[in-house]
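These numbers come from the heavy atoms of this one structure, side chains and all, not from hydrogens, waters or symmetry mates. Note that the numbering runs from 1 along the sequence shown for the chain.
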Amino acid sequence: MPETAQFVDPRRWKALIFIALAQLMVVLDATIVNIALPSAQADLNISDGNKQWVITAYALAFGGLLLFGGRIADLWGRKQTFIVGLVGFAAASAVGGAALNSSMLLGARALQGAFGALLAPSALSLLSVTFTDAKERAKAFGIFGAIAGGGGAVGLILGGVLTEYMDWRWTFFVNIPFAIVAAAGAIAVIREPVESRNPSRLDIPGVVLATTGLVSLVYGFTRAESDGWSAGPTVGLFIAAAVLLAAFAVVESRVKAPLLPLRVVTDRNRGGVYASLGLAIIGMFGLFLFLTYYMQIVKGYSPVKTGLAFLPMVAGMITGSTQIGARLMTRVPARLLMGPGFLAASAGMLLLTQLDLDTSYPGLILPAILLLGLGMGTAFMPAMSLATHGVQPHDAGVASAMVNTSQQVGGAIGTALLNTIAASATTEYAKSHALAAPSRKALALQSMVHGYTTAIWWAVGILVLAATIAVTLINSGGKDGGGTVAGSGDGAAEEAVPVMAH
């Protein structure tokens, strides 16, 4: 193993606090604004056609710039990139909270996404190069995995409380204290081995192709949701994304210092992690999207009550990540945590296919979200660790960026795909049951629930597919370090790095 991997920071556990805090800020921001959006729309007179851009502007900047942000972390140094990302994210949040019109708000959201693309991969790669001992790594990634998985639900809770009892602007302002504390802590306690930096020149063609390709892909799914899958702009964006990303792969295979070394993604284990994690996020977005609408519109829950209803899932994720995943990661292969974890989550999702107008929260929704939380927490922790373990330190930033990219693209696909399926099923049900319905309101609600459950069935299948990929492709990890992840440095084929050995 390289000398840099032996670096042991005596303040590493303090550093984990501030890395985790920054990660929580980025993850919860993905959902906290969703709850505040109706209030912001009314206050700033944002049209229905433009309201989606409050979400889309962030997603496009974040998803499109992640690989660039990961490589910047490798070039500049992760600590410096981490601090710049925190300061920029806080400044963008201040602009968003003070927005006087829709343009100002959308610009702030795009800036948040851009700085988030610096912050997210630098946080994960800092964790990767800071914790090298197998047992300590398991604990650290257990905490990080729980935050990555549960932060979205925390965002729903916090967004509900701030919107209902204060003002929608506080869903932006709340990021400022998070960022200040995390940046101050980073300056004081975070260290990284200097040798882990990548001195290579930045691959400009790779940056342009990757950024435009990912933006086209994410925007394509956004347009599919609003315009339909066969609409000209949607098809054009998908074709452009395919051409740009194919060109990116060709360029990366030929340039001397690629933005994304293909060795990072062609490794069997990391490829399996990226694919299964992206699919799992699609399923997760199905839950957040439909269950939030179901509880608020069908059950009549307030924003705060809706957020609190997700708390057991957060508890399940923390338990699965820190008590199951972290304890077993050094004892069993990663696939035997990820596969069963995704299957447990799919079982929870399967329960939610039974939703009806009078479904009991404690009788069905509670056990379903507990199962989903436990399963996702158990699977996320080894996935986060394995996705960055075994890469050479100077590639840690871009390997971390790939984890975030798979999640971001998965989220975009999940929102567009499942929402389209739900909308189609809702329309069909309303047409076929129009004559038998007792009232127009009852028909609308029943049609809506039918649409949700139809889409949730798809989410069940997607999670089963994620489990299958994890069990089939991932063969690293285990009690005695059985299996290795190929190193990503020069001569990686000759130098394999043991994973999760005692």
Side-chain angles (χ1 to χ4, degrees), residues 15 18-30 57-96 107-130 144 147-148 151 172 175-176 178-187 190-192 196-198 200-204 206-208 210-212 214-215 218 259-260 264 384 387-388 391 393-409 411:
F18 302 110
I19 294 170
L21 186 64
Q23 175 68 10
L24 176 61
M25 181 184 73
V26 171
V27 174
L28 68 82
D29 196 76
Y58 179 86
L60 288 179
F62 190 76
L65 293 171
L66 269 168
L67 286 177
F68 177 57
R71 185 49 88 195
I72 287 293
D74 291 331
L75 289 168
W76 285 0
R78 293 162 194 89
K79 177 177 177 177
Q80 183 173 333
T81 307
F82 182 75
I83 293 168
V84 169
L86 280 168
V87 172
F89 200 92
S93 298
V95 173
R109 288 292 283 163
L111 276 176
Q112 277 187 313
F115 284 107
L118 286 177
L119 184 55
S122 59
L124 184 55
S125 56
L126 272 173
L127 203 66
S128 180
V129 298
T130 300
F144 194 84
I147 290 170
F172 287 89
N175 291 325
I176 298 172
F178 274 100
I180 290 172
V181 171
I187 292 168
I190 290 179
R191 293 169 59 197
E192 65 170 315
S196 69
R197 293 190 184 183
N198 188 336
S200 304
R201 293 179 62 185
L202 189 62
D203 169 23
I204 300 298
V207 169
V208 173
T211 302
T212 52
L214 287 170
V215 166
V218 174
L259 174 69
L260 174 63
V264 171
M384 291 284 184
T388 55
V391 295
H394 56 255
D395 283 336
V398 77
S400 302
M402 274 303 300
V403 178
N404 289 284
T405 300
S406 66
Q407 291 177 304
Q408 189 65 26
V409 173

Roughly how far, to the nearest 0.5 Å, is the [atom2] atom of [Y] from the [atom1] atom of [X]?
X: Leu28; Y: Gln23; atom1: CG; atom2: CD; value: 10.0 Å
X: Leu119; Y: Leu124; atom1: CG; atom2: CG; value: 11.5 Å
X: Ile72; Y: Gln80; atom1: CD1; atom2: CD; value: 10.0 Å
X: Leu202; Y: Trp76; atom1: CG; atom2: CH2; value: 10.0 Å
X: Leu65; Y: Arg71; atom1: CG; atom2: CZ; value: 15.5 Å
X: Phe68; Y: Ile204; atom1: CZ; atom2: CD1; value: 7.0 Å

Taking the side chain as every heavy atom from C-beta outward, state whether [X] and [Y] have any atom pair closer than 4.5 Å.
X: Met25; Y: Leu86; answer: yes
X: Val95; Y: Leu111; answer: no
X: Phe172; Y: Arg109; answer: yes
X: Val181; Y: Leu21; answer: yes

Pick from Leu66, Asp74, Thr405: which one makes a side-chain contact (heavy atoms from CB on, under 4.5 Å) with Val398?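 Exactly one candidate clears the test, Asp74.
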How close do [X] and [Y] get, counting heavy atoms only, and between which atoms?
X: Leu259; Y: Ala210; answer: CD2-CB, 3.9 Å
X: Val403; Y: Ala387; answer: CG2-CB, 3.3 Å
X: Ala401; Y: Gly70; answer: CB-CA, 3.8 Å
X: Phe89; Y: Asn175; answer: CE2-ND2, 3.7 Å
X: Ala73; Y: Ser122; answer: CB-CB, 4.0 Å
X: Phe82; Y: Ile19; answer: CZ-CA, 3.9 Å

